Every structure is written in C-alpha cells, then in structure tokens.
Amino acid sequence: MGRKTLKKKILGIFCALCLCICMTGSCITVYGAGVDGCVDRIAEARYANIAACSTGLKLNGSTFAARAVVNAKVKASISITMTLQRQSGTRWSDVTSWFDSTTGYNLDLTKNYVAGTRGNYRVRAVYTVNGETITTYSSTVAY
C-alpha cells in the first residue's frame with residue numbers, strides 16, 4: 001500500500017511541474033487590449049522589416065479621427081492604405097479610403113471623416129514595408 005501511495009505522490013508532483021511549465025509559456029493575454037495591440041507584438045516576432053504598427057479610430061461628436069502608424073526596423077519603402085468601414089448587418093462596407101507612402105523609418109497617416117449615417121465603424125489598415133504586408137483593424141466605434 002505504501003508503494004502505491006508513493007507512486008501517486010510522484011505522479012502528482014510530475015503533473016504539477018508539467019502544468020507550471022505549460023503555464024509559463026511566452027503567450028500573454030492582455031484583457032481589454034485592442035486587436036492592433038496584439039498585432040504589434042506579432043510584427044516584432046514575425047517580420048524582418050516591420051517593427052510595430054498601430055491602428056485606431058476615435059469619435060468626437062460626428063467626426064471620426066482615423067490613425068494608422070507603422071515603424072520599420074530599417075530604412076524602407078513604406079505605404080499605408082487606410083479604409084473607414086461601416087457595419088451593414090454582419091458585413092463591413094467601405095466608406096472611404098486614404099493612401100500615403102514614403103521612404104524612411106516610419107509613416108503616420110491621420111485623417112478625419114464627418115459621419116452622416118449612424119452605425120458601427122472601424123478602420124482597416126494595410127501596412128506594407130519593403131514588400132511585407134500586415135492588415136489590422138481598429139476597435140469598433142458606435143456613432
């Protein structure tokens with residue numbers, strides 16, 4: 001009976017250690033963070049030229065302020081296509097779009113749009129740095 005109890009204790013300790021190892025992985029969940037915040041960390045790990053990017057949408061009265069920022073790790077050819085979208089049922093329809101490009105280390109595209117129709121809005125941003133592309137979305141903003 002003592003030998004069986006010892007095996008159970010050893011097995012329990014082994015399982016606890018495995019659980020600790022699994023829980024200390026590199027995956028971190030930040031509750032309340034936007035999707036663009038998560039993409040920032042993905043960009044740092046996965047891309048050779050894109051260091052970080054950020055996509056945001058704010059509402060002030062009836063005016064939306066859309067912003068897309070990208071930082072390159074090296075001097076690069078950078079472009080941003082930013083599209084304001086409005087929710088139609090379960091689909092998202094494009095309202096308007098802006099584009100900018102440069103050669104350098106970063107690009108910041110900020111535009112304002114006066115809303116005419118009530119609904120849910122978001123910004124889709126497509127970042128391209130030396131041929132590498134990331135598409136991100138802002139949080140949804142209700143008007």
Side-chain angles (χ1 to χ4, degrees), residues 4-143:
K4 197 172 195 178
T5 305
L6 182 62
K7 284 183 180 180
K8 284 184 180 181
K9 284 184 181 181
I10 292 172
L11 181 60
I13 292 169
F14 178 77
C15 289
L17 285 173
C18 289
L19 183 61
C20 288
I21 291 169
C22 291
M23 291 177 66
T24 59
S26 63
C27 182
I28 299 171
T29 303
V30 180
Y31 294 98
V35 172
D36 53 330
C38 296
V39 172
D40 293 349
R41 282 185 225 99
I42 293 169
E44 292 173 11
R46 285 187 21 200
Y47 291 90
N49 296 312
I50 300 173
C53 59
S54 176
T55 306
L57 181 65
K58 293 182 181 179
L59 179 64
N60 185 13
S62 63
T63 303
F64 285 104
R67 186 174 187 205
V69 181
V70 64
N71 298 311
K73 292 180 181 179
V74 296
K75 189 173 183 180
S77 172
I78 304 169
S79 69
I80 300 173
T81 301
M82 184 169 65
T83 305
L84 180 66
Q85 297 181 318
R86 182 177 171 275
Q87 191 172 21
S88 303
T90 59
R91 296 181 55 238
W92 289 89
S93 302
D94 293 352
V95 175
T96 190
S97 189
W98 304 277
F99 175 83
D100 197 5
S101 65
T102 190
T103 299
Y105 291 93
N106 55 50
L107 182 58
D108 185 339
L109 180 59
T110 304
K111 295 292 180 178
N112 292 326
Y113 180 83
V114 178
T117 307
R118 297 263 177 207
N120 293 325
Y121 289 82
R122 72 178 182 186
V123 168
R124 179 185 70 213
V126 179
Y127 304 98
T128 304
V129 177
N130 279 352
E132 293 177 339
T133 301
I134 295 178
T135 301
T136 66
Y137 296 87
S138 70
S139 300
T140 301
V141 176
Y143 167 67

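Quantities reported herein were computed from a predicted structural model and do not represent experimental measurements.
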Check: Which of parallel (below 30°), tilted (30 to 60°) and perpendicular (above 60°) describes W98 and Y113?
Finding: perpendicular
Note to self: Let me confirm one number: the CD1-OG1 distance from I78 to T128, rounded to the nearest 0.5 Å.
What the structure shows: 10.5 Å
Note to self: Can you tell me how far apart OG (S138) and NZ (K58) are? Round to the nearest 0.5 Å.
What the structure shows: 11.5 Å
Check: Do we get R122 above W92's six-membered ring, with its NZ or CZ under 6.0 Å from the centre and within 45° of the axis?
Finding: yes
Checklist line | I80 versus A68, closest heavy-atom pair with distance | finding: CD1-O, 3.5 Å
Notebook entry, point to check: At their closest point, which heavy atom of T133 faces which heavy atom of Y47, and how far apart are they?
Noted result: O-OH, 3.5 Å
Note to self: Rounded at 0.5 Å granularity, tell me how far CD in E132 sits from CG in N49.
What the structure shows: 4.0 Å
Note to self: Using every non-hydrogen atom in the two residues, find where L107 and D100 come nearest and quote the distance to one decimal.
What the structure shows: CD2-O, 3.5 Å
Item checked: Partner set under side chain to side chain donor-acceptor pair (under 3.5 Å) for T96, not counting sequence neighbours -> none
Check: Without hydrogens or angle criteria, can the side chains of D108 and T110 be said to hold a donor-acceptor pair below 3.5 Å?
Finding: yes
Check: Distance-only, no hydrogens or angles: does the Y127 side chain make a donor-acceptor pair with backbone N or O of N71 under 3.5 Å?
Finding: no
Next item on the list: Check N130 against K75 and note the closest heavy-atom contact, atom names and distance.
Entry: ND2-O, 4.1 Å
Note to self: Please determine whether the number of non-hydrogen atoms from other residues, nucleotides or ligands lying under 6.0 Å from atom CZ of R86 exceeds 12.
What the structure shows: yes
Note to self: If you compare all heavy atoms of T55 against all heavy atoms of A125, which two are closest, and at what distance to 0.1 Å?
What the structure shows: OG1-CB, 3.6 Å
Checklist line | Heavy-atom closest contact (L57 atom, V141 atom, distance) | finding: O-CG2, 3.5 Å
Margin query: Within a 6.0 Å radius of atom CG on D94, are there more than 12 heavy atoms belonging to other residues, nucleotides or ligands?
Written below: yes
Margin query: Does R124 qualify as a cation-pi partner of Y137, given the criterion of NZ or CZ under 6.0 Å from the six-membered ring centre and within 45 degrees of its axis?
Written below: no
